[in-house]
Structure formats: structure tokens, C-alpha cells
Asker: 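Provided herewith is a single structure, encoded as C-alpha cells, for subsequent inquiry.
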Amino acid sequence: MTTFAPLDMLRPANKDFLARPLGMIIDGVQVPAQSGKTFDVFDPGSGRQIARVAEGDAADVDLAVKAARRAFQDKAWSGMKAHARERLMHRLADLIEANADELAELESLDQGKPVGMARHVDVAGTIDYLRYMAGWPSKLEGSTIPVSVPYMPNRFFAYTTREAVGVVACIVPWNFPLMMAAWKVAPALATGCTVVLKPAEQTPLTAIRFGELVMEAGFPAGVVNVVPGFGAGAGAALARHPDVDKVTFTGSTEVGRLILQAAAGNLKKVTLELGGKSPAIICDDADLDIAIGGAAMAIFFNQGQVCTAGSRLLIHKRNFDKVVEGVSAIASGFKLGHGLDPETQLGPLVSREQIDRVCGYVKSGLADGARALSGGTMLERDGYFMQPTVLVDTRPGMKVVQEEIFGPVVVAMPFSDMDEVAALANSTEFGLGASIWTRDLNKMHALAPAIKAGTVWVNCHNVVDAAMPFGGFKQSGWGREHGKAGVELYTETKSVCISL
Ligand code: NAP
Ligand code: MG
């Protein structure tokens, strides 16, 4: 169907990058795996192999953790003044900006997303995130505490400080590979931690390039280590490593549970950003011109491979037909194509495994009595393409309504009143995000506190910002990322108490 030849049109820097042996980055040097093993990386837009990357395992993780520990204790990092750490982080942001087009192209090729989106969301988001976090080192304040100690006659002076938690394992997924890495590495650096980053097996390329840019920026060796590999190998080894102080993870709820168990050995601090089944709630008074387009983008952005995707569309019964028809028309109108084709609006799903999983969910929904108003199947062409799908005639008990599909599939259901929709919104094990589409402030203020979710958007969806806390209620996670709440989770609070 396409004569598009993505590899021929790559920027020279990326052609060179892909032709190199892509090693892991340990202690400031790019090295092969100790086992000598590599794994193949594929272009999901064509199914073709594009690179070969060092496959890290427990032995490599151990070296990386040792390097991170040494760097954490070394005066070059632990003694660095806050302003110097800020300047280094800004230098890294500047380097990413200088390489933004190359990084966006690499991300698009590796993950599948349209290159324009990779540039303006993933790479721009990464730069912005680093700059936001670069403001924190000089602002990590403690407080003075009025200590009374009623059973002692002495007077006391007490204060708190915030100290870096130590060596942090950052385990990230494949949906926004570079940006997810930044969400974890940037606050770690801001607080003075050191890290070992494990990218997803499907998308290791920009993490390796990021590691190279960290070295170019002049961070001391060992502060940022990158160990590509598989979840069961490198990932599990990091999660159980006795000298890792904290693990921060984004991915599936299932793997989140495994991480928690593995972290129990040395009681690592754990932050988990897990799955979701976020509702987009369209009230009877919503501005439908805005809500229909908003609901479509809430689910189809990044081909639905977004933890906060608006994957349940709850529509007041008066607007039901109009909204599902509008969203289906948008779903059918997208131009699907290779991420590097400038005409492309939606790329492929990330892998064969993922599209099989998503199509399996659609099949199960149809078998349970749902009906597809648009899409529903994989396209007959190279790569892993699926037309966005709208399912109606769905009921709360169905698997497609309860489980995270992580693809371009939305289930639509009508509701009649506000109590009913609040209960419906809360009727999954997840609690990551929700959006309310209304012009009525009373409705908005009644619903926002009733919804058990870490983020509630009003007349928008999937808006994230470095300054705004992000994370999950219920089985969508532990802890928060972004803002002060996120930064503080990379620190320990120390109380110092002085008898005067
Ligand atoms: P995943 O298996 O949860 O993977 C996320 C990260 O964890 C990857 O780096 C993965 O490595 C690693 N990992 C896997 N098993 C591990 C283990 N036992 N110990 C430590 N680390 C481990 O997610 P996935 O396979 O990419 O996707 C499966 C589903 O997860 C998706 O369909 C979706 O439902 C959900 N998901 C959620 C998010 C989100 O942002 N909340 C993002 C991506 C996926 P490997 O890549 O080598 O397996
Ligand atoms: Mg996996």
C-alpha cells in the first residue's frame, strides 16, 4: 500500500546512530553487555529490524548500580552546589533542544508515533520537564520546628532538611519513551540522586541517545546509567537489587505488583504509575462541538497508548447518538501511516504483540454483545496498524469495559443522572484520570470530588504539566510525579534536634 521508504530519508546523524553498536551506558562509558548479547529493535511502521542494542542482565545491572552508588557518594556529585546542578540540568535541556529534530525522528521510528507529535509532545515535553526540574535544586527547603518536649526541662532548636534518597532505578514503558525517562531521571537529578534507567525493550533508542547527551553535558560519570534489556532480566534485577534505594516505575498494573514484591527485600521506596480506564463524561449541557473532538482525542491520541486515555465514554443519554456518531466519524477519518510520513495523523501500534492484544480485546467485546461503529480490525499492510474503534452496546460487566486495552478502542455507555455517572465512573479497579465535559459549574463541582482519580480534567483531557501532580488512586499507582509532590518523593526528610 505504501512506497514510503523511511530508512532512506533518515537524518545523517540517525543513520550513523543506528549503524553503531548501541551499548549500555555505565559509569560514563558506552559498553556492550557483559554476556555479549544483543536484541533487535523494530520499526512498528514497517515491521523491519532497525537496530541492535546491548541486552543488559543482572550482571550489567550490578555494575550500573555500583557505578551509581559510587557517583552518589562522590563529592563531585554529592558536594556539588545546587546552582551548579541546576546549570548542568539546563545544559542537558539545551543539548536535547539542539538535537530535538534528530531525537523526534528517532522516537517516531522506534515507537511509531507521527514525527511532528514526537517533536512537539515527546521531545518538547522532555525539554520543558528538565527545565522545570532544573529549578528545584536551590529550592529544596526544610523547615524549623517548634519542639516542646513536655517531659524535659531543656530548650530545643529543631529543623528539617531534605536529602537525596540515593540510587534510583527508573523503569519506563514504550508509549512516551524519552519523556517517561525524563519524568523519572529529572527529579532524581534535581534532588541529587543517581540513577539506573531501564527503557522498554520495544523502544530503547532515545534512552541511549539521552544517556550520550548526559555525558556530553558533563555530568559526573555514574550519575546516569542506562541499561537496556528485558523486563524479566534487567528490569527484575533492578527491582530486587539490594543496593537500590528507590524504584520508580511506569507501566502495567500487573508488573507494578511484581516490582512491589521485588522491592520488599530491602524495603525500597516505590513510586508506581500504572494503568487506567479513565472516563470522559459528557454531560447533558456540554458544548458538543468541543466535547466530541475532545473525547476523540482523549482516546485516540498516541493510538490510545496513553495511561490516562479516555477509554470509557460516558454520555448523557440525550446526547448519546450525536456524540458516538461524531466520535466515530473522527475515528474513521484519521490518516494512518508511517510515523515519518508528514501526512500521517495516527501511526501504528508499538508492536505485533500489542496489536494482537488490542484486537483480542475487541473480539472479546464483540463476542460479549458490543457493536463496532468504526474500526475494529488490523489493517492489511506492513506494520501494526489499526483503525480507531468505537464500541457501543457495552455494559459495565464486560472485559472491554473493565480492563485497560492500551490501544485505540473506546467503549461508550449512556447515563441518565449525575449520581449514576459518578458510580459508573468509579466502577473499575483503576483511578488515574477522568474528564468532565460541561458548562455547568455546579455539575463540575459536584462530580470532581466524587470521582476517585488522581487527575480530573474539565473540558479538556490528557493535559499534563511538570508543575501539576500526576498519579493514581486505587490500583492506578502509588505516589505522585511532577511538581513539589513528585520531587519530594526522591528525598528523605531528616529532623535535626539540638538541645540548647
Ligand atoms: P510492562 O510490561 O508493564 O512494562 C513496563 C516496563 O517494565 C518495561 O520497561 C518492562 O520491560 C519492565 N518490566 C516488565 N516486567 C518487569 C519485571 N518483572 N520487573 C521489572 N521490570 C519489568 O508494560 P508493557 O509490556 O510495555 O505493556 C503491557 C501493558 O502495560 C500495556 O498494554 C498497558 O496496559 C500497560 N502500560 C501502561 C503504561 C502506562 O503508562 N501506565 C505504559 C505502557 C504500558 P520490557 O519492556 O522489557 O518488558
Ligand atoms: Mg513487556
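Counting convention: from 1, in listed order, for ligands and their atoms alike. Everything numeric in this text was worked out from a predicted model, so none of it was measured.
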Asker: So, 4.0 Å and heavy atoms of Glu254: is ligand 1 close enough to count as a contact?
Answerer: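 Per 4.0 Å heavy-atom rule, Glu254 does not contact ligand 1.
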Asker: Salt bridge (Lys or Arg N to Asp or Glu O under 4.0 Å) with Arg352: which residues, sequence neighbours excluded?
Answerer: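 Here the qualifying residues are Asp356.
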Asker: Taking only heavy atoms of Gln354, which atoms of ligand 1 are found under 4.0 Å from at least one of them?
Answerer: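 It comes down to these atoms of ligand 1: 32 (O).
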Asker: Keeping Asn225 on the side-chain end and Asp27 on the backbone end, is there a donor-acceptor pair under 3.5 Å?
Answerer: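 Answer holds: yes.
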Asker: Compute the shortest N/O to N/O distance between Ala232 and ligand 1 and return yes if it is under 3.5 Å, no if not.
Answerer: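 Between Ala232 and ligand 1 (N or O atoms, distance only) the closest approach is not under 3.5 Å.
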Asker: Determine, using heavy atoms of Phe176 and all atoms of ligand 1, whether some pair is separated by less than 4.0 Å.
Answerer: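 The answer is no: ligand 1 sits nowhere under 4.0 Å from a heavy atom of Phe176.
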Asker: Counting only heavy atoms not in Arg48 (residues, nucleotides, ligands), do more than 12 fall under 6.0 Å from its CZ?
Answerer: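 No, because the 6.0 Å sphere around CZ of Arg48 holds 12 heavy atoms or fewer from other groups.
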Asker: Asn175 heavy atoms, cut-off 4.0 Å: which ligand 1 atoms fall inside?
Answerer: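 So the answer, numbered in order with elements, is 40 (O), 42 (C).
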Asker: So which bit of Val306 gets within less than 4.0 Å of ligand 1, heavy atoms only: side chain, backbone, both or neither?
Answerer: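 Under 4.0 Å from ligand 1, Val306 contributes no heavy atoms.
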Asker: Are His482 and Tyr129 close enough that their ring centers fall under 6.0 Å?
Answerer: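 Between His482 and Tyr129, the centre distance is under 6.0 Å.
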Asker: Without swapping roles, check the side chain of Lys452 against the backbone of Asn426 for a donor-acceptor pair under 3.5 Å.
Answerer: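 Looks like no, no N/O pair under 3.5 Å.
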Asker: Under 4.0 Å from any heavy atom of Gln202, which atoms of ligand 1 are there?
Answerer: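 By the 4.0 Å cutoff, the relevant atoms are 46 (O).
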Asker: Are Gly407 and ligand 1 in contact, using a heavy-atom cut-off of under 4.0 Å?
Answerer: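 No heavy atom of Gly407 comes that close to ligand 1.
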Asker: Pick whichever of Phe39, Phe230, Phe406, Phe249 has a heavy atom sitting closest to atom 42 (C) of ligand 1.
Answerer: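 Shortest heavy-atom distance from atom 42 (C) of ligand 1: Phe406.
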Asker: Has ligand 1 got any nitrogen or oxygen that is less than 3.5 angstrom from a nitrogen or oxygen of Gly231?
Answerer: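 N/O-N/O distance under 3.5 Å: yes.
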Asker: Give yes if a backbone or side-chain nitrogen or oxygen of Glu201 is under 3.5 Å from a nitrogen or oxygen of ligand 1, and no if not.
Answerer: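 N/O-N/O distance under 3.5 Å: yes.
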Asker: Using side chain to side chain contact (heavy atoms under 4.5 Å, CB included) as the criterion, list what pairs up with Arg52, not counting sequence neighbours.
Answerer: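 With neighbours one apart ignored, the set is Thr38, Asp40, Gln49.
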Asker: Is it the side chain, the backbone, both or neither of Ala262 that has a heavy atom closer than 4.0 Å to ligand 1?
Answerer: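 The answer is neither.
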Asker: Which atoms of ligand 1 have any heavy atom of Leu274 under 4.0 Å away?
Answerer: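 Reading through ligand 1 atom by atom, the close ones are 41 (N).
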Asker: What do you reckon, is NZ of Lys37 surrounded by more than 12 foreign heavy atoms closer than 6.0 Å?
Answerer: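 No, NZ of Lys37 has 12 or fewer neighbouring heavy atoms, counting only those of other groups under 6.0 Å.
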Asker: Could you list the atoms of ligand 1 found under 4.0 angstrom from a heavy atom of Ala236?
Answerer: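 By the 4.0 Å cutoff, the relevant atoms are 19 (N), 20 (C).
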Asker: Does NZ or CZ of Lys246 fall inside the cone over Tyr490's six-membered ring, less than 6.0 Å from its centre and within 45° of the axis?
Answerer: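 Yes, Lys246 lies over the aromatic ring of Tyr490.
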Asker: Give the atom numbers and elements of ligand 1 that come within less than 4.0 Å of a heavy atom of Glu404.
Answerer: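 Here the atoms of ligand 1 in question are 33 (C), 34 (O), 35 (C).
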Asker: Could you tell me, atom by atom, which parts of ligand 1 come under 4.0 Å of a heavy atom of Gly229?
Answerer: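 So the answer, numbered in order with elements, is 47 (O).
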Asker: With side chain to side chain donor-acceptor pair (under 3.5 Å) as the criterion, how do Lys184 and Thr250 come out once you've worked through the C-alpha distance, each side chain's angles and the decisive distance to 0.1 Å?
Answerer: CA-CA 9 Å; Lys184 290 163 169 40; Thr250 295; 2.7 Å; yes
Asker: Is the cationic atom of Arg20 (NZ for Lys, CZ for Arg) positioned less than 6.0 Å from the six-membered ring centroid of Phe17 and within 45 degrees of its normal?
Answerer: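 Cation-pi check for Arg20 and Phe17: fails.
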Asker: Run the numbers for me: atoms of ligand 1, each under 4.0 Å from some heavy atom of Val255, listed by number.
Answerer: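 In order of number, 1 (P), 2 (O), 3 (O), 13 (N), 14 (C), 15 (N), 16 (C), 17 (C), 22 (C).
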